Protein chains: 2
Amino acid sequence: MESSSIPSGGSTRREATRQKLYEAAVTLIAEQGFSATTVDEIAERAGVAKGTVYYNFASKSVLFEELLRHGVGLLTASLREAAEQTARDGGSKVDALDAMIRAGLGFIARYPAFTQLYVAELWRTNRTWQSTLMVVRQQVNAVVEDVLRDGVAGGEFSDEIDIRLTAAALVGMVLVVALDWQSFQPERSLDDVHAAMSRLLQGRVSGHRG
Amino acid sequence: MESSSIPSGGSTRREATRQKLYEAAVTLIAEQGFSATTVDEIAERAGVAKGTVYYNFASKSVLFEELLRHGVGLLTASLREAAEQTARDGGSKVDALDAMIRAGLGFIARYPAFTQLYVAELWRTNRTWQSTLMVVRQQVNAVVEDVLRDGVAGGEFSDEIDIRLTAAALVGMVLVVALDWQSFQPERSLDDVHAAMSRLLQGRVSGHRG
DNA sequence: GTTTTTGCACTGACCAGTCAGTGCAAAAGC
DNA sequence: GCTTTTGCACTGACTGGTCAGTGCAAAAAC
């Protein structure tokens with residue numbers, strides 16, 4: 001499932017090996033969890049020797065943490081890009097949120113394993129990589145919060161809304177809907193799922209206003 | 001943290017021991033994950049010998065599966081109760097959803113560890129308890145879907161909505177918001193969080209209509 | 001000729017599951 | 001009454017296996 005991998009712009013041989021290891025690790029850990037996944041499995045799936053894993057990463061945990069940072073970097077870049085593109089096109093803030101939902105769905109469709117693993121680890125405590133996770137979570141939510149804040153400032157959104165909570169709710173909605181989509185109705189198209197979520201976002205649930 | 005435990009109506013000695021094991025297991029697994037949690041740890045935290053765990057449960061996985069079933073049973077009962085109470089009071093379907101959101105938040109506040117563990121495992125595949133999880137997930141979503149379906153039938157909701165997806169989105173919203181609440185802003189009251197979510201539900205985000 | 005990878009044997013910690021035995025209360029036998 | 005037996009719940013030392021991480025010499029890649 002190379003569809004679950006996280007690409008990078010590396011060009012050296014070492015970079016390529018690291019990339020293969022990320023790809024192998026992300027699917028295995030998503031399926032089985034961190035502790036249940038062995039380094040031997042990761043090496044085998046990546047098609048390298050076990051020693052190579054340790055030549056490239058200090059430990060299993062370090063490999064995992066770098067994987068997390070790498071993946072979240074891609075996600076936030078994708079969300080920010082969507083928001084900025086909308087701004088450049090003169091779209092409203094609702095349009096920006098809508099574009100971000102689409103970008104989020106697209107990201108999850110491309111990297112379902114990464115998303116799965118992210119969600120599974122997000123609210124755990126007492127783990128070595130907890131601080132990494134906190135930073136990374138904050139980065140994702142901040143992108144959404146920024147759009148909401150601008151929308152409130154510009155009068156487009158009610159100033160009664162709780163920005164932090166609303167951002168969390170939107171992120172949660174997208175995460176859960178996308179994972180359910182990938183897991184249980186993978187035949188549906190992105191457009192289809194996106195359209196259904198747009199309807200929700202624009203409050204066209206209760207009452208008929210179309 | 002007995003606040004994270006799942007109570008039951010047992011009275012025999014054995015039932016009490018099982019209860020202690022659930023309480024111990026749920027927090028440990030929520031914090032560390034299933035594989036990283038040892039049976040010795042569970043036994044120690046429960047204040048029993050390791051052998052007792054195996055006297056009461058066939059294996060570590062079976063203990064976990066029974067824990068899942070037990071917890072989800074409580075959650076669905078709580079949601080259904082909220083929906084029925086609203087119906088008895090002659091409330092609308094939006095009111096029912098609102099009551100279910102409150103019930104969901106209340107459940108998560110009472111059993112945060114259980115919720116954490118549920119979310120972490122929900123989209124994993126290739127695990128022995130995957131079928132248990134599918135059943136259990138379906139039970140939760142079905143409660144919400146039923147209310148949405150009734151709402152569409154009664155003309156209260158647009159018949160354009162995708163019931164399955166909307167139910168997933170609502171559940172996801174509540175899960176993620178509640179976990180963020182518990183993890184990062186535990187000082188906020190249930191009423192406060194619930195009010196913010198109600199505003200979202202009623203589409204009072206974009207535009208001022210108050 | 002330097003960097004990276006390979007193959008593979010090895011170690012030591014850790015852990016799920018087992019099993020022979022303990023404690024105890026209530027029934028059965030006398 | 002008192003002993004003996006039975007069944008249940010529990011105990012904790014022990015075992016067999018697993019796995020992260022190491023060490024190193026030789027090959028491959030650049």
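A note on names: the letters A, B, ... follow the listed sequences, proteins ahead of strands, and every chain is numbered from 1. Just so it is clear, the model here is predicted, and its values are computed rather than measured.
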Students often mix this up, so state it plainly: with edges at 30° and 60°, are the rings of A:Phe64 and A:Trp129 parallel, tilted or perpendicular?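 Judged by the thresholds at 30° and 60°, the geometry between A:Phe64 and A:Trp129 is perpendicular.
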
Requested in this report: On the 0 to 90° scale, with breaks at 30° and 60°, tag the A:Phe107-A:Phe114 ring pair as parallel, tilted or perpendicular.
Outcome: perpendicular

To the nearest Å, how far apart are [X] [atom1] and [N] [atom2]?
| X | N | atom1 | atom2 | answer |
| --- | --- | --- | --- | --- |
| B:Glu15 | D:dC10 | CD | P | 11 Å |
| B:Asn56 | D:dC8 | CG | C1' | 11 Å |
| B:Arg14 | D:dG7 | CZ | P | 16 Å |
| A:Lys50 | C:dT4 | NZ | P | 22 Å |
| B:Tyr54 | D:dA13 | OH | C1' | 15 Å |
| A:Glu44 | D:dC19 | CD | C1' | 15 Å |
| B:Gln19 | D:dA9 | CD | P | 16 Å |
| A:Asp40 | D:dA20 | CG | C1' | 9 Å |

* Asked: Got more than 12 heavy atoms from elsewhere within 6.0 Å of CD, B:Glu81?
  -> yes

Which of the following nucleotides, [options], is nearest to the side chain of [X]?
| X | options | answer |
| --- | --- | --- |
| B:Val48 | C:dA16, D:dT11, D:dA29 | D:dT11 |
| A:Ala49 | C:dT6, D:dC8, C:dT4 | C:dT6 |
| A:Thr17 | C:dT5, D:dA20, D:dC10 | C:dT5 |
| B:Lys60 | C:dG17, C:dG7, D:dC10 | C:dG17 |
| B:Val39 | C:dT5, D:dC10, C:dA16 | C:dA16 |

### Query
With respect to the phosphate group of D:dT11, does any side-chain polar atom (N or O) of B:Thr52 fall under 4.0 Å of OP1 or OP2?
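Yes.
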
- Message: Taking 4.0 Å as the cut-off, does a side-chain nitrogen or oxygen of B:Tyr55 come that near to OP1 or OP2 on D:dC10?
- Response: no

- Name the nucleic acid region contacted by B:Thr37, choosing base, sugar-phosphate or nothing; use a 4.0 angstrom heavy-atom cut-off, strictly under. sugar-phosphate

* Does B:Lys60 make a cation-pi contact with B:Phe34, if we ask for NZ or CZ under 6.0 Å from the ring centre and within 45° of the axis? -> yes

Are side-chain N/O atoms of A:Ser183 and A:Asp180 paired as donor and acceptor at under 3.5 Å?
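There is no such pair between these side chains.
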
> When you match A:Gly51 and A:Thr38 each to their closest nucleotide on DNA chain D, which lands nearer the 5' end?
Replying inline: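 Its nearest nucleotide being more 5', the pick is A:Thr38.
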
